[in-house]
There are 2 protein chains.
Amino acid sequence: MSTNSHEASKSEKSIDRVYNYVKYYIKENTFSPSVRDICKGAGLKSTSSVHTYLKKLDEMGLIEYRPGMRRAIIIKNQDDEAQDPTPADVVKLPCIGKITAGQPIYAHEDYSDSFYVNRSIIGSNECFLLKVSGTSMINAHIMDGDYLIVRKQSSCQEGDIVAALINDEATVKRFGKMNGVPYLFPENDMYSPIPFNTEDCRILGKVIGLHRYSIY
Amino acid sequence: MSTNSHEASKSEKSIDRVYNYVKYYIKENTFSPSVRDICKGAGLKSTSSVHTYLKKLDEMGLIEYRPGMRRAIIIKNQDDEAQDPTPADVVKLPCIGKITAGQPIYAHEDYSDSFYVNRSIIGSNECFLLKVSGTSMINAHIMDGDYLIVRKQSSCQEGDIVAALINDEATVKRFGKMNGVPYLFPENDMYSPIPFNTEDCRILGKVIGLHRYSIY
DNA sequence: TCCAAATAAGAACAAGTGTTTGACAAAAGC
DNA sequence: GCTTTTGTCAAACACTTGTTCTTATTTGGA
């Protein structure tokens, strides 16, 4: 972004002003400016110019500019200060209800169901909760109604109990192999192993914990 | 807004979900969700419903909702909860290692092995944790190494899973009766029921939750 | 059981906003 | 001086999204 010691060209000045104004605006308002807001703020009279610079800034990796989304600019490289003062001891995790393929995990979930989990359990990993429905893992002592703590990851090892997406449906199974072929094994004699083919199946994460609040 | 004191009405649930989802979304993405995003997140199918709730939330002073502006919701009063995990939401419970008869339960506890549990689980009751050792309750899907959340109480009902003191030793069993005589039943065919006589036995509390952090 | 109020849904509309296209002027290169 | 490149602008277009209106559905109480 910086040039030599000589003066910045006109375009550099503009792109700089755009960048700075976006940062300033977000800091002031919490939300992003629109392209037209930036016009005013950066002294440009055409939305198209601003648009061009925003795309450039995105390419440079300074911002994240989602195509088509209004007021959705994200300033990057803020890691240093942006860190939430998340209390060290405890983390609030959302509970995923339904998961749709293709969408990021958190996309559609019903957020209402969530609770705190000890930080020591999940460390710095990204995790979510999954409420068990059914008894397909009963032999692993995972019961209907249990909440599973799932550490997000897209791969796993043999023997891991994983949360997986099978044809848009989220389930919990044990990952393993039979004759070298990967399967998702239920832990219940009433159910059959499911061949793991990368087309219909996707690993969401590994189960690292379990909370049960219905004891019978 | 409130109906009876015990249960939230449907509307409260929805407005709550909207509010929570907005908070969650902004935390995740930096920018606000659109009305249609909130629809998905809060499980509502009409933008108009969401719009109504957003206006209400604005009136309540919980958010700032600018008419006509896209993705420009501001969460207010973040100071309160953004800090520590609202102490009200979470409670630190001690894990009891050894318990000695006659001593109050908390007497010897070693706070080193303690962790946070959601307030919603235990309410205003006095609780403690008990780490399971052994497999005597395996048929109830309680495994070696599990942490049990025990609500302190000195009596219990038939069928309850309880923490009890038998000759100075703390164990977990299911309380029940056989031919009218009270017993403590292990949930494992390898063990025998223990007659419950008030001289050697004492109920410490009822198991109301379970945390497992060793998944195999 | 029935009616009224509260919720939610669905559709249609209107406005804000991102994106594209083309044009023009200034600057840079030859 | 002429061409090319760069920066800017203006306008038009298309999509996202906020808003409103109407109609169904549910809820709660008489």
Side-chain angles (χ1 to χ4, degrees), chain A residues 1 3-4 6-22 25-26 29-60 63-74 103 107-108 110 112, chain B residues 1-22 25-26 29-60 63-75:
Chain A
M1 164 92 58
T3 56
N4 301 324
H6 70 279
E7 207 181 328
S9 76
K10 206 168 179 184
S11 83
E12 268 174 313
K13 275 187 190 170
S14 286
I15 199 171
D16 236 33
R17 291 229 292 267
V18 168
Y19 181 56
N20 286 327
Y21 185 71
V22 171
Y25 190 103
I26 292 180
N29 300 285
T30 308
F31 51 82
S32 299
S34 70
V35 172
R36 284 162 183 80
D37 288 334
I38 303 173
C39 275
K40 292 178 192 166
L44 291 167
K45 288 177 185 171
S46 168
T47 58
S48 135
S49 309
V50 172
H51 186 251
T52 308
Y53 291 133
L54 288 176
K55 275 200 293 191
K56 275 190 190 170
L57 285 168
D58 182 89
E59 284 167 16
M60 292 168 155
I63 66 171
E64 223 173 292
Y65 189 53
R66 317 284 178 90
M69 270 209 187
R70 280 87 175 126
R71 294 185 184 274
I73 300 171
I74 294 179
Q103 300 282 356
H108 295 297
D110 185 349
S112 56
Chain B
M1 173 109 126
S2 62
T3 51
N4 298 331
S5 54
H6 57 284
E7 204 178 333
S9 74
K10 204 168 179 182
S11 82
E12 267 176 313
K13 278 187 191 167
S14 286
I15 198 169
D16 239 33
R17 292 230 293 264
V18 168
Y19 180 56
N20 285 328
Y21 185 70
V22 171
Y25 189 102
I26 291 180
N29 300 286
T30 309
F31 51 83
S32 298
S34 70
V35 172
R36 284 162 183 81
D37 288 334
I38 303 172
C39 275
K40 291 179 192 167
L44 291 167
K45 287 178 186 170
S46 169
T47 57
S48 115
S49 310
V50 172
H51 185 253
T52 308
Y53 290 133
L54 288 177
K55 275 200 293 191
K56 271 189 194 171
L57 286 168
D58 182 90
E59 285 166 16
M60 294 164 130
I63 66 171
E64 224 172 275
Y65 188 51
R66 318 283 178 90
M69 270 208 188
R70 279 89 174 125
R71 294 183 184 277
I73 300 170
I74 294 179
I75 303 285

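Side chains included, hydrogens not; waters and symmetry mates left out as well; all remaining heavy atoms used. Note on naming: letters A, B, ... go to the chains in the order of the sequence lines (proteins, then strands), and numbering restarts at 1 for each one.
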Sugar-phosphate or base contact per nucleotide [nucleotides 10-20 of chain D; S, B, -; heavy atom under 4.0 Å]: BB---BBBBBB
Separation between NZ of Lys40(B) and OH of Tyr21(B), rounded to the nearest 0.5 Å: 8.5 Å
Touch class at under 4.0 angstrom, heavy-atom based, for Leu44(B) against every strand present: sugar-phosphate
Chi angles and distances behind the side-chain contact (heavy atoms from CB on, under 4.5 Å) call for Leu44(B), Ile38(B): CA-CA 8 Å; Leu44(B) 291 167; Ile38(B) 303 172; over 6 Å; no
Heavy-atom closest contact (Phe31(A) atom, Arg66(B) atom, distance):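 Smallest heavy-atom distance, with atoms named: CZ-NH1, 3.7 Å.
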Residue pairs, two or more places apart or on separate chains, that pass salt bridge (charged side-chain N to carboxylate O under 4.0 Å, His left out) and touch residues 29-38 of chain A: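 Qualifying pairs, neighbours excluded: Asp37(A)-Arg71(A).
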Selection residues 41-52 of chain A - residue pairs positive for side chain to side chain donor-acceptor pair (under 3.5 Å), sequence neighbours left out: none
